[in-house]
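See structure below.
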Amino acid sequence: MASFTTLFSSLLTIALLSFSCSSQFILPIEKDPITNLFTTSLGIGTPQHNFNLAIDLGGPILWYDCYKTYNSSTYKPISCDSKLCPGNTGCTGCSVPFKPGCTNNTCAANIINPLVHAIFVGDTGNDVLFISHSKVSNILSGCTESEVFTGEDVPLKNLPKTSKGILGLARTKLSLPKQLSSHNNFPNKFSLCLPSSNKKGLGSLFFGGVPQKSSYSKFQLTTIPLIINPFSTAPIFSVGDASYEYFIDVKSIKVGGEVVNFKSSLLSIDNKGNGGTKISTMNSFTLLHSSIFKPLVRDFVKKASDKKIKKVASVAPFEACFDFSTIGRTKTGLDVPTIDLVLEGGVEWKIYGGNSMVLVNKKVACLGFVDGGKEPMTSVVIGGHQLEDNLLEFDLVSSKLGFSSSLLLHNARCSNSDQANLSLVSME
């Protein structure tokens with residue numbers, strides 16, 4: 001992890017110098033080469049414990065594993081009768097010896113890992129957080145001991161090996177963006193710039209929005225509404241809860257400039273909360289309802305054939321794969337048909353080859369979209385690969401999303417390296 005620390009220090013120094021007069025905070029983002037998930041490092045507690053955490057756009061809270069050596073002197077459990085307790089999570093208790101994650105009459109925390117089909121229980125606690133050389137007190141989070149869970153499903157399952165929890169960024173009262181904005185009097189905004197490879201440097205997570213005195217501020221963002229699904233998409237919820245995940249209103253999808261033919265109602269949210277389009281960092285690749293996936297792949301293959309790109313056998317989990325040697329190059333990645341998400345008013349989020357294609361080995365590149373089945377709750381889930389090297393700003397004050405499309409158009413990227421755009425993606 002020495003290289004991570006060195007890069008983080010360099011990036012942080014540059015960032016702090018560029019907007020030192022701001023109250024905003026920055027965290028580095030690294031891409032895990034095995035899971036293709038995105039992680040960051042956060043200091044919590046006294047003495048400071050540094051946690052590697054997976055970044056979950058749809059995660060309701062910050063939670064971490066209170067492993068055996070974690071014993072923060074500033075940790076304070078939140079009692080069940082505290083006004084800070086959500087009230088619908090219940091209480092936890094514990095046999096001595098008491099420590100963080102093991103106290104009585106404590107407000108329970110729902111520990112959610114979307115990669116595991118189970119809900120885990122932890123304690124809600126209050127502790128200090130270290131970020132951007134600053135110490136922030138009274139941050140609420142979930143604390144759990146993974147070792148107490150038995151069986152196949154455990155809280156850290158399927159996360160990167162180094163990760164000890166999840167940093168949730170959803171639109172909830174206990175998400176870290178909301179807490180930091182409340183504690184530090186800056187707008188309830190955050191910005192993501194996800195790196196395309198762990199070998200190309202670090203991306204950035206900005207709390208408070210895109211810093212005005214940084215290199216990121218030169219990019220003009222297209223702004224669209226964030227819409228609310230009135231039905232919860234969480235694994236556990238109360239009747240009447242709305243979803244706290246981030247949905248956008250996609251009207252149609254184009255491949256090579258032509259609209260893909262499928263039932264357009266799949267892009268709308270129905271009276272049960274099904275359908276629509278959301279953005280996720282816990283899905284490595286975009287998932288599509290089968291009725292959207294099949295015609296999109298058909299159109300993409302046809303357009304690729306028009307470019308003399310040779311189709312080859314599929315490589316799971318991808319269906320449309322091609323001979324890498326027959327694909328040209330552009331500044332935005334492989335020269336393949338562009339995929340456009342058409343939004344309200346005809347605004348288009350363009351997905352170029354750098355975000356649509358995945359190099360699975362030295363000879364084969366595949367379209368990085370996956371069949372989500374015939375009955376997914378959400379019709380389109382935009383995954384992490386399609387978000388890389390895009391600057392995104394989530395403004396929870398105005399409920400809007402600003403996006404750049406690929407920064408490669410501007411000879412820029414979400415990392416501090418100038419290496420080539422293509423990298424091998426682990427398919428294990």
Going by heavy atoms in the side chains, are [X] and [Y] under 4.5 Å from each other?
X: Phe394; Y: Leu169; answer: no
X: Leu42; Y: Leu129; answer: yes
X: Ile166; Y: Leu62; answer: no
X: Phe247; Y: Ile228; answer: no
X: Val250; Y: Val380; answer: no
X: Leu194; Y: Cys414; answer: no

[X] and [Y]: side chain donor to acceptor below 3.5 Å:
X: Thr233; Y: Glu245; result: yes
X: Ser163; Y: Asn52; result: yes
X: Thr330; Y: Asp335; result: no

> From Tyr244 OH over to Thr172 OG1, what is the distance, rounded to the nearest 0.5 angstrom?
Replying inline: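 If I round to the nearest 0.5 Å, the distance is 7.5 Å.
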
>> So, taking the atom named OG1 in Thr35 and the one named CE in Met282, what distance separates them when rounded to the nearest 0.5 Å?
In response: 8.5 Å

Is the number of heavy atoms from other residues, nucleotides or ligands within 6.0 Å of [atom1] ([X]) greater than 12?
X: Lys302; atom1: NZ; answer: no
X: Lys135; atom1: NZ; answer: no
X: Asn261; atom1: CG; answer: no

> For the residue pair Tyr64 and Phe51, does the interplanar ring angle fall in the parallel (under 30°), tilted (30 to 60°) or perpendicular (over 60°) class?
Replying inline: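 Tilted, since the angle between the ring planes falls between 30° and 60°.
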
>> Does the plane of the ring in His385 sit parallel, tilted or perpendicular to the ring in Phe285? Use 30° and 60° as the thresholds.
In response: tilted

SB check [X] [Y] (cutoff 4.0 Å):
X: Lys400; Y: Glu393; answer: no
X: Lys303; Y: Glu258; answer: yes
X: Glu388; Y: Arg413; answer: no

Taking the side chain from [X] and the backbone from [Y], do they hold a donor-acceptor pair closer than 3.5 Å?
X: Ser404; Y: Leu391; answer: yes
X: Ser182; Y: Lys178; answer: yes
X: Thr326; Y: Lys310; answer: yes

> Phe369 and Phe293: aromatic ring centres closer than 6.0 Å?
Replying inline: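 For Phe369 and Phe293, the ring centres are not under 6.0 Å apart.
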
>> Using a 6.0 Å distance limit plus a 45 degree cone around the ring axis, check whether Arg298 lies over the aromatic ring of Phe262.
In response: no

>> The criterion is side chain to side chain donor-acceptor pair (under 3.5 Å); which residues satisfy it with Asn126, sequence neighbours excluded?
In response: Asn138

